[in-house]
Amino acid sequence: QVQLVESGGGLVQAGGSLRLSCAASGRTFTNYAMGWFRQAPGKGREFVAAINWSGGRTDYADSVKARFTISRDNAKNTVYLQMNSLKPEDTAVYYCAQYRSLFLSDRSRMEASYDYWGQGTQVTVSS
């Protein structure tokens with residue numbers, strides 16, 4: 001049984017930083033790319049970032065590029081999202097998800113391409 005457990009969310013002032021973690025278990029971590037999505041109040045879930053199996057390739061939504069960094073530690077079965085220069089519009093529940101392939105593609109920005117999801121962690125950025 002695959003489990004993804006996010007942590008690291010919280011309340012931060014605009015301009016601050018947070019690092020989210022997602023610990024995975026249940027199947028071979030290095031067989032899958034990983035992604036982060038977020039859902040703001042009253043909005044649909046949107047793609048944030050993705051990373052391939054080795055960490056050698058990443059992809060970001062334009063809204064977070066140059067502010068957020070996705071990384072993974074395959075020895076710890078964990079994926080991270082370092083969020084800097086946070087803005088109030090970054091306020092959302094953040095979800096990690098496990099992709100259905102090792103490699104990123106055009107589909108890695110699509111929710112339906114991910115097989116497993118964490119429960120989410122709340123990030124609130126105050127102005």
Side-chain angles (χ1 to χ4, degrees):
Q1 181 180 359
V2 175
Q3 283 195 316
L4 302 175
V5 180
E6 300 100 334
S7 61
L11 174 64
V12 64
Q13 288 189 331
S17 299
L18 282 175
R19 188 176 84 153
L20 305 183
S21 300
C22 172
S25 62
R27 58 181 187 176
T28 305
F29 187 63
T30 50
N31 283 353
Y32 303 96
M34 299 292 294
W36 286 96
F37 287 74
R38 67 186 181 185
Q39 187 167 19
K43 296 186 177 181
R45 196 150 53 182
E46 65 172 359
F47 170 77
V48 175
I51 188 167
N52 74 341
W53 71 276
S54 67
R57 184 183 169 194
T58 57
D59 185 29
Y60 296 93
D62 287 346
S63 59
V64 306
K65 202 171 292 184
R67 298 189 298 122
F68 291 10
T69 303
I70 188 171
S71 62
R72 64 190 292 161
D73 184 336
N74 287 340
K76 296 182 178 179
N77 288 359
T78 300
V79 62
Y80 303 97
L81 186 69
Q82 177 67 44
M83 305 185 295
N84 298 329
S85 302
L86 282 161
K87 304 175 181 180
E89 51 263 45
D90 294 318
T91 295
V93 177
Y94 283 72
Y95 299 91
C96 75
Q98 194 167 68
Y99 192 53
R100 55 187 55 168
S101 170
L102 291 80
F103 306 108
L104 302 185
S105 70
D106 290 346
R107 294 182 177 274
S108 52
R109 292 186 171 214
M110 300 168 59
E111 279 188 73
S113 299
Y114 289 79
D115 292 329
Y116 295 96
W117 294 80
Q119 81 287 351
T121 186
Q122 177 70 47
V123 172
T124 303
V125 184
S126 63
S127 56

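Being a predicted model, the structure only gives us computed values, none of them experimental.
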All side-chain hydrogen bond (donor to acceptor under 3.5 Å, both in side chains) counterparts of [X], not counting sequence neighbours:
X      : result
Glu111 : Arg45
Arg107 : none
Asp73  : none
Tyr94  : Arg38

task: Report the residue from Phe37, Trp36, Tyr95 that forms a ring-ring contact (aromatic ring centres under 6.0 Å, His included) with Tyr114.
output: Phe37

Answer with yes or no whether the hydrophobic clustering places [X] together with [Y]; edges join I, L, V, M, F, W, Y residues whose side-chain heavy atoms lie under 4.5 Å apart.
X      : Y      : result
Leu81  : Val64  : yes
Val123 : Val93  : no
Tyr116 : Leu104 : no
Val2   : Val79  : yes
Phe47  : Leu20  : no

Distance in Å, [X] [atom1] paired with [Y] [atom2], rounded so as to fall on 0.5 Å steps:
X      : Y      : atom1 : atom2 : result
Phe103 : Ser108 : CZ    : OG    : 12.5 Å
Leu102 : Ser54  : CG    : OG    : 9.0 Å
Cys96  : Ile51  : SG    : CD1   : 12.5 Å
Arg100 : Ser105 : CZ    : OG    : 10.0 Å
Gln82  : Arg67  : CD    : CZ    : 12.0 Å

- prompt: Going by the ring pair (Phe, Tyr, Trp, His ring centres under 6.0 Å) test, which pairs reach into residues 60-93, not counting sequence neighbours?
  reply: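 Checked against ring pair (Phe, Tyr, Trp, His ring centres under 6.0 Å) - neighbours excluded - no pair reaches residues 60-93.
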
field: Lys/Arg N to Asp/Glu carboxylate O, Lys65 vs Asp62, below 4.0 Å
entry: yes

Please check if the side chain of [X] supplies one atom and the backbone of [Y] the other of a donor-acceptor pair under 3.5 Å.
X     : Y      : result
Thr91 : Val125 : yes
Gln13 : Ser126 : no
Asn74 : Thr30  : no
Glu6  : Gln119 : yes

task: Could you name each residue pair satisfying side-chain hydrogen bond (donor to acceptor under 3.5 Å, both in side chains) that touches residues 17-27, not counting sequence neighbours?
output: Ser17-Asn84, Arg27-Tyr32, Arg27-Gln98

message: Quick check: do Leu4 and Met34 have side-chain heavy atoms less than 4.5 Å from each other?
response: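 Counting from C-beta outward, Leu4 and Met34 do come under 4.5 Å.
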
query: Hey, does Asp59 have a side-chain heavy atom less than 4.5 Å from the side chain of Arg109?
result: yes

